[in-house]
J.: 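Sharing a structure here in structure tokens format.
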Amino acid sequence: MIEKDFIYDYSYNLIDKGNVKAKCSSNIALIKYWGKYDPQLPANPSISYTLTDSFTETELRFEKSEKLSVQVYLGEEFQEKFSQRIEKYFHSIKSYLPFIDQYSYTIHTQNSFPHSSGIASSASGFGAIAQCLMKMSELLGESEPEFQVAKASFLARLGSGSACRSIYNGLVVWGEHSDIPDSSDLYAVPFPFEVAPVFKEMQDTILLIHEGQKEISSSVGHGLMNNHPYAKARFAEAGKNLTDLIKILQTGDLKAFGQMVEHEALTLHAMMMTSQPAFILMKPATLATIDKIWKFRKETGAHLYFTLDAGANMHLLYPEKEKGLIFSFVNNDLLKYTENGKLLVDRVFY
Ligand code: DP6
């Protein structure tokens with residue numbers, strides 16, 4: 001599908017008001033999207049796991065109106081900044097949903113994870129809003145069920161790049177890649193090959209090492225890759241890493257999986273450290289945790305691996321059957337590195 005396929009040029013049956021609901025999970029990237037160009041297209045392909053227990057639930061109420069306006073509530077609290085951001089976003093997607101500016105909207109949204117946890121609420125948040133919009137579009141007459149999921153991913157991407165991956169469960173690829181049939185920069189697709197059973201039951205325990213607002217906005221972060229001295233090599237390597245990971249996921253090679261995801265996480269942070277201006281988003285506790293994990297792995301042979309997003313928190317990935325050993329290690333040796341003794345226990349959504 002190309003961009004033109006998402007432009008809606010049929011008539012809608014405008015109803016006076018209504019409401020729709022959606023629930024969308026967050027995701028954790030194994031191969032990172034870092035670097036983009038207009039209109040929110042990725043500089044390299046990425047792949048992520050959608051999570052089970054970190055999600056956003058959203059209700060969108062709409063009512064016919066002379067003027068588009070959006071009011072967003074997180075729980076009971078009105079969110080002025082989010083409201084403005086979503087209003088701007090709604091204006092920007094008018095050619096895909098031509099009815100959008102004929103309504104005013106009230107959005108109630110809730111995350112299953114704390115706002116301060118550094119879990120990307122923009123992925124599940126925009127994922128849920130895009131799903132709501134497609135449900136609304138369906139109520140108003142748009143009807144092509146299969147295409148609608150791709151369009152939800154397409155619309156989510158325009159809100160936040162990584163959100164387009166959250167539309168699907170399991171492993172999800174975003175960005176054109178010659179080894180992934182039908183992959184696209186415009187929307188995400190489910191990983192199309194059979195995956196070894198061990199990778200369908202991976203656990204993700206998130207150590208909240210630093211709670212609070214992000215120190216770097218995602219747009220500023222991606223912008224650091226413009227004119228970055230290592231950008232070209234990084235974008236090429238991400239593509240090659242995906243080729244390798246495709247095989248790893250099929251063969252069930254946990255060790256190679258771990259090497260790859262840790263390399264990707266450290267590369268992401270290396271890109272930030274070597275950009276101008278430079279950012280160091282890892283905290284001393286992040287480094288201490290990495291050191292502990294590497295030692296633990298050497299001593300026990302356990303398949304415990306970490307990945308990081310653009311922040312200090314650690315995602316610990318490990319297979320279900322090693323849960324017992326790893327959980328006691330996390331509680332005894334890693335919990336002390338978290339800011340408030342907090343962690344989130346999650347698993348991949350298969
Ligand atoms: C480090 O999707 O938050 O989590 O497109 O500007 O909204 P925008 O960026 P965003 O970037 C996520 C970057 C990452 C890696 C990833 O999820 O692939």
Side-chain angles (χ1 to χ4, degrees), residues 1-6 22-52 54-56 58 89 93 96-97 119-135 137 144-195 199-200 202 204 218 222 235 238-239 241-243 245-246 249 261 264 268 307 309-310 315 348-350:
M1 277 173 278
I2 57 171
E3 197 257 352
K4 239 175 61 197
D5 295 326
F6 295 103
K23 178 177 167 184
C24 186
S25 288
S26 187
N27 69 74
I28 178 70
L30 305 174
I31 292 183
K32 308 291 181 181
Y33 147 56
W34 198 241
K36 64 175 174 181
Y37 58 95
D38 272 347
Q40 198 109 282
L41 296 166
N44 64 264
S46 58
I47 181 169
S48 58
Y49 266 131
T50 297
L51 300 174
T52 303
S54 306
F55 56 82
T56 299
T58 297
Y89 166 64
I93 56 177
Y96 312 112
L97 301 170
I119 309 293
S121 60
S122 68
S124 51
F126 274 102
I129 286 177
Q131 285 173 327
C132 282
L133 288 173
M134 287 315 296
K135 286 185 180 175
S137 185
E144 270 179 85
E146 264 192 39
F147 172 74
Q148 271 169 337
V149 184
K151 187 161 172 181
S153 178
F154 173 90
L155 293 174
R157 178 200 109 235
L158 291 166
S160 174
S162 58
C164 72
R165 297 186 310 236
S166 274
I167 300 297
Y168 300 92
N169 298 338
L171 285 157
V172 186
V173 179
W174 172 38
E176 217 176 305
H177 190 278
S178 54
D179 294 343
I180 305 279
D182 301 324
S183 54
S184 170
D185 286 353
L186 298 175
Y187 50 89
V189 294
F191 185 70
F193 308 114
E194 189 49 41
V195 172
F199 291 126
K200 293 185 182 173
M202 292 296 278
D204 181 6
S218 61
H222 290 285
F235 300 148
N241 286 350
L242 183 51
T243 297
L245 191 59
I246 290 169
L249 291 168
V261 298
E264 273 287 320
L268 169 70
T307 186
D309 269 344
H315 285 250
V348 304
F349 197 154
Y350 255 97

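Numbering starts at 1 and runs along the sequence shown.
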J.: So, using side chain to side chain donor-acceptor pair (under 3.5 Å) as the criterion, who are the partners of H177 when residues are at least two apart?
T.: T243
J.: Once ring-ring contact (aromatic ring centres under 6.0 Å, His included) is applied, do any residues pair with Y89, and if so which ones, sequence neighbours excluded?
T.: F126
J.: Of all heavy-atom pairs between S183 and G175, which one has the smallest distance, and what is that distance?
T.: CB-O, 3.5 Å
J.: Find the distance between CE (M1) and CG (L186) and round it off to the nearest 0.5 Å.
T.: 9.5 Å
J.: State whether the side chain of S48 and the backbone N or O of A29 hold a donor-acceptor pair below 3.5 Å, judged by distance alone.
T.: no
J.: Sort and list the pairs that fulfil salt bridge (Lys or Arg N to Asp or Glu O under 4.0 Å) and have at least one residue in residues 166-189, not counting sequence neighbours.
T.: none
J.: Have a look at Y350 and tell me which of L171, T52, N169 forms a side-chain contact (heavy atoms from CB on, under 4.5 Å) with it.
T.: L171
J.: Quick check against the 3.5 Å criterion: does T307 have a side-chain atom that pairs as donor or acceptor with the backbone of L30?
T.: no
J.: My understanding is that only residues two or more places apart in sequence, or in another chain, count here; which of them pass side chain to side chain donor-acceptor pair (under 3.5 Å) with S122?
T.: S160
J.: How close do A156 and A130 get, heavy atom to heavy atom, and via which atoms?
T.: N-CB, 3.6 Å
J.: Examine distances only and state if a side-chain atom of S26 and a backbone atom of F55 form a donor-acceptor pair shorter than 3.5 Å.
T.: no
J.: First locate atom CD of Q131, then atom NZ of K23, and finally report the distance between them rounded to the nearest 0.5 Å.
T.: 11.0 Å
J.: According to side-chain contact (heavy atoms from CB on, under 4.5 Å), who are the partners of A43, at least two apart in sequence or on a separate chain?
T.: F235
J.: Step by step, work out the side chain to side chain contact (heavy atoms under 4.5 Å, CB included) result for L133 and Y96.
T.: CA-CA 11 Å; L133 288 173; Y96 312 112; over 6 Å; no
J.: Run I167 and T50 through side chain to side chain contact (heavy atoms under 4.5 Å, CB included) and show every step you take.
T.: CA-CA 9 Å; I167 300 297; T50 297; over 6 Å; no
J.: Please report the closest heavy-atom contact between V172 and A188, naming both atoms and the distance.
T.: CG1-CB, 3.6 Å
J.: Would you sort out whether H222 and Y33 count as a side chain to side chain contact (heavy atoms under 4.5 Å, CB included), showing the intermediate values?
T.: CA-CA 9 Å; H222 290 285; Y33 147 56; 3.3 Å; yes
J.: With Y37, which residues qualify under ring-ring contact (aromatic ring centres under 6.0 Å, His included), at least two apart?
T.: none
J.: Between atom CH2 of W174 and atom OG of S184, what is the distance when rounded to the nearest 0.5 Å?
T.: 10.0 Å
J.: Run the side-chain contact (heavy atoms from CB on, under 4.5 Å) test against V173 and tell me which residues pass, sequence neighbours left out.
T.: I47, I180, V189, F191, L242
J.: Under the side chain to side chain contact (heavy atoms under 4.5 Å, CB included) rule, what do L249 and F193 come out as? Steps first, then yes or no, please.
T.: CA-CA 9 Å; L249 291 168; F193 308 114; over 6 Å; no
J.: Who are the side chain to side chain donor-acceptor pair (under 3.5 Å) partners of S25, not counting sequence neighbours?
T.: none
J.: Provide the full list of salt bridge (Lys or Arg N to Asp or Glu O under 4.0 Å) pairs with a residue in residues 151-169, sequence neighbours left out, each pair given once.
T.: E142-K151
J.: Under 3.5 Å, is there a donor-acceptor pair linking the side chains of N27 and S166?
T.: yes
J.: Whether the side chain of Y49 engages the backbone of F199 through a donor-acceptor N/O pair (distance < 3.5 Å, no angle test) should be reported.
T.: yes
J.: Please find the pair of heavy atoms, one from G239 and one from P45, that lie closest to each other, and give the distance.
T.: CA-CG, 4.1 Å
J.: What pairs with N241 under side chain to side chain donor-acceptor pair (under 3.5 Å), at least two apart in sequence or on another chain?
T.: E264
J.: Identify the heavy atoms of A163 and G127 that sit nearest to each other, and give their distance.
T.: CB-N, 4.0 Å
J.: Quick test of your reading: applying salt bridge (Lys or Arg N to Asp or Glu O under 4.0 Å), list the pairs with at least one residue in residues 24-45, sequence neighbours left out, ordered by first then second residue.
T.: K32-D309
J.: Can you list the residues that meet the ring-ring contact (aromatic ring centres under 6.0 Å, His included) rule with F6, with sequence neighbours excluded?
T.: F147, F154, Y187
J.: Looking only at heavy atoms, what is the nearest atom pair of A128 and T58, with distance?
T.: CB-OG1, 3.5 Å
J.: As an exercise, state the distance from CH2 of W34 to OG of S162, rounded to the nearest 0.5 Å.
T.: 10.5 Å
